[in-house]
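Working notes for the structure below.
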Amino acid sequence: MIPSIGHASILVGLGLTVYAAAAYLLAARGGDPRLAVSGRRAVIGSFVAVAIGCFAMVISLVSHDFSVRYVAENNASTTPPFISAISLWAALEGSILFWALLATGWASLVLHRYRDRYRQLMPWVGATLATVNAFFFAVMTWPGNPFALTSPVAAQGSGPNALLQNHPFMALHPPLLYLGYTGLAVPFAFGIAALATKRLDEEWLRIVRRWTLIPWTFLTLGIVAGAWWSYEVLGWGGYWAWDPVENAALLPWLTATAFVHSAMVAERRGGLKIWTSALVIATFVLTLVGTFLTRSGVVASVHSFTQSAIGPWFLAGILVALVGSLTLLVWRLPELIGGGRPSGTVSRESAFMLNNVLFLGLTFAVLFGTLLPLFIAATSGDTISVGAPWFNTVTVPIFVALLFLMGVGPALPWGTASWGTTRERFTVPLVLAVLAVAAALGVGLRDASSLVTMGLAVFVGGIMVDEVMRGARVRARTRGEDPATATWRLATRNRRRYGGYAVHLGVLVMAVSVAISSGLASDRTVTLAPGETSTIGAYEIRHDRLVVEPLASDERVIETRAEVTYSGPQNGSLGTALRDYPNSPTAIATPAVRTSLAEDLYVTLLASDTATGTVTLHLFVNPLVVWIWIGGAIVGVAAVFAIWPERKARSVTVEQPQRAPSVTSVEGA
Amino acid sequence: MRHLRWLLVPIIVVPLALLLLSGFGRDPREIASPLIGQPAPTWTFTTLDGDTLSTDELAGRPYLVNFWASWCIPACVDEHPVLASAFERHGDELTVVGVLYQDSPADAEAFLARYGDAGYGHLIDESGRLAIDYGVTGPPETFFVDADGIVRARQWGPLTDALVDERLASIGIGR
Amino acid sequence: MKAWLPAVALGGALALVAMVLVFAVQPEPAPTAAERTDALAGELRCPDCQGLSVADSPTRSAQEISRQIDVLVADGATDDEVRAYFVARYGDWILLAPTSPAAWIIPFAVVIAGAGALGAWLIARRRPAHQPKRGISTEERRRVREEAEALDA
């Protein structure tokens, strides 16, 4: 019964979104405005429908209803309820269902919020969002039915993928990531609307910037959560492997970030209409390409599902979206050209444009590296790999250049920078950076990338602190506030700028942590009999005993666990294990991580001998890793701060005597 | 001249479409084998039955080397009868050699007891050296070597009756 | 701000860069066998993982490849010979980075071309030199000053 309700809700959702798209389209082309109202209700209805569908799936999972094929493939009677519930997004069909929930949620939110405004844009926005959502409902109706039944009904299911059961982050990473992905359809819809109505103006830029930043925040948190999860779960001691699906999440993030920056230039002086609308389109198309790469089985990856009928559907979706939006853009091209002239060659504006060149360069590089094996296989039949060594070599210099720009850009004036200004703003931070690097060299740090990043971090951080202090000082002086209040009041009244600084601060923290954790990490592999010890870094590790037993939470899983005591900067005991899941041929590593602010002690069990109790352990000391996650959190909080609506300015009446202002000197222009 | 800008659409869309389309129908995990056309690796190993087998003994006759494991389900289960049938039909002119891939002899024996032992030998590749020498990324993989000791074909993934006949033809069996 | 500070800062930065270059150019001591093995293991792909290097991977096949690298290095093989050994068995796929120089040059070329195009665009589109900057000329400035002083008086 429940699966039928679920299936029916998808069909209802399909009908509603198709209707909404048609209604909105008619309304957009000069029809009855009540059509728009009807369309909006249909979109909200589709959200309710898919919510019911998700609810039905969760119930089926938690109640272990193996008549549903998705449940039989991803659940077992021994699966704990929490894991059952989050298995909604564990595999292909369920994840599309979840995606549709979030996508219709965003659409409903945006269409409802702006129902009384932007009357020319909103019908097009609604039509676009409804069409995109209709696509996902169509995929769920035909090639990827989550409620497909299986008969005969198996007595026991396969159970969830072993990797997905190991860690609570499985509950966090996909929802955050999907909120980001699905949310990026909103700025795309506004982009289509603006191109269709020829209203690419300042107002459009403001809306699209806001509705890019909101999903961007989720996407950032989702990517960081994914990195954290793979670090805690996969056992190789790293957090980013340039896996195709990781890259797929990064690509729209890069273009969205580029857009947010060029939008500021466009807002300031006009122009850049083609560039900004192209970025908005590219971001959305890249979310589709990303989800295609994950779901089509066309590239091999940790995440990828095997090839199924869904792949071609997604490819068709990408091509339709791309052809449609490109055609619209090219059609409007003559009207979009021009507007606004760039100011000086060295200015904040040119720094932002260079930022865009670099971000787009990164996007190209990551896309190139991800698709090159596919290209080579298609053209010559050879198989090659493009892995971490290539990606690191190619992207790190670009990231370093971006880091430098991040400091320099906001400190440059919008107009042409004079030598005097530059000297004044950059000298002290430069001095501090030089001193910091010299100190590091003196202390014995020789790793080139760590030194460069540290120097840049001090330089950039110094400029930022200087910027904030300047403003706070002026405000404190003129209003008699103490520095702390002045800074806070300044920040809350200029959320965009100070939120931006705080986001950059978070990025800085992450950049330094990434550089130092990769450059200064140490590891070794040791084989220990019970009672033997080894050292790594400042730690002494002692292997106590080897334990083999079923998991308390799921008795079908056999855990082989090395119990270890460690002493050093941190003291305690840990268990690092290999788990044998019934549906997985190889044992799954469950590393133990002991985190402190300075470093992580990370231990993976590689092999064990149950007869002697001897274990082979891979030991790591990874410095500053926790600061990567802290930096990510700072970026998230800062982004929320930046997006949060400012209090409307209060109007103040000032009594002024009527006389001509006194002018005693005129500043040179 | 104004209409030249429309070329932008196919210029961007067509290459992307072709590239992404090309991925369908191919398994991205399957890698091209550099052994094809090259002399097959030489080895000496102990079989499950306790005998020793080496490539010297196989010289002069075509043979196939099949990497499998008891945990490789359902692929190795599916191709097991295909190999048994090939051995039965061509056993007088073809040598069939199985190799355990990251598997224990006990589990392998249990597999054979359950799914049938066709009678050909299975090498115990304890350390995994043989798998590396053949460039195996995961079971099942099968290499077809002709009478001169040159690798002529490689099947990545499970064999089917049709596929095995095709591969055997490349080493001169069953024509 | 002291006039000499910028010069000192710039000088200090350049000195640091020079030091780093000197360090980089100095011949490093020849890597030990263990270091070579680690480096090579980082370049080779683990056959039954998803994109991890042999150095990072816990699987049996990765450990066996690692052992094999040890043996080869101990027998006196050069780095290139070790790579060729595995490429002969797995093909170019076993190398985590493509060997073709084009694969490395293309991304940098694109970025440099983009930056170059941006520079050209900025220079071409900035206000031409013969047009006065928006604002007032020196002559007008003098007149305004005179008028203003007259007002104040």
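Throughout, a chain's letter reflects where its sequence line sits, starting with A, and its residues are numbered from 1.
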Under 4.5 Å heavy-atom distance to chain C, tell me which part of I132(B) shows up: side chain, backbone, both or neither.
-> both
Could you go through the side-chain contact (heavy atoms from CB on, under 4.5 Å) check for Y101(B) and D48(C) one step at a time?
-> CA-CA 12 Å; Y101(B) 180 86; D48(C) 52 2; 3.4 Å; yes
In terms of heavy-atom contacts, does CD of E126(B) have more than 12 from other residues, nucleotides or ligands at under 6.0 Å?
-> no
I would like to know whether T137(B) and W93(C) meet side-chain contact (heavy atoms from CB on, under 4.5 Å); could you show each step before the answer?
-> CA-CA 11 Å; T137(B) 53; W93(C) 178 88; 3.8 Å; yes
At their closest point, which heavy atom of A88(C) faces which heavy atom of L35(B), and how far apart are they?
-> O-CD2, 3.9 Å
Might you confirm whether atom CD of E57(B) has over 12 heavy atoms from other residues, nucleotides or ligands at distances under 6.0 Å?
-> yes
Hey, which of G128(B), G138(B), S127(B) has the most heavy atom pairs under 4.5 Å with chain C?
-> S127(B)
Per-residue tally against chain B (heavy atom, under 4.5 Å) across E64(C), Q68(C), R67(C) peaks at E64(C)
Gap between atom CZ of R89(C) and atom CG of D133(B) - 0.5 Å precision = 4.5 Å
Chain C heavy atoms under 4.5 Å from S33(B): which part of the residue, side chain, backbone, both or neither?
-> neither
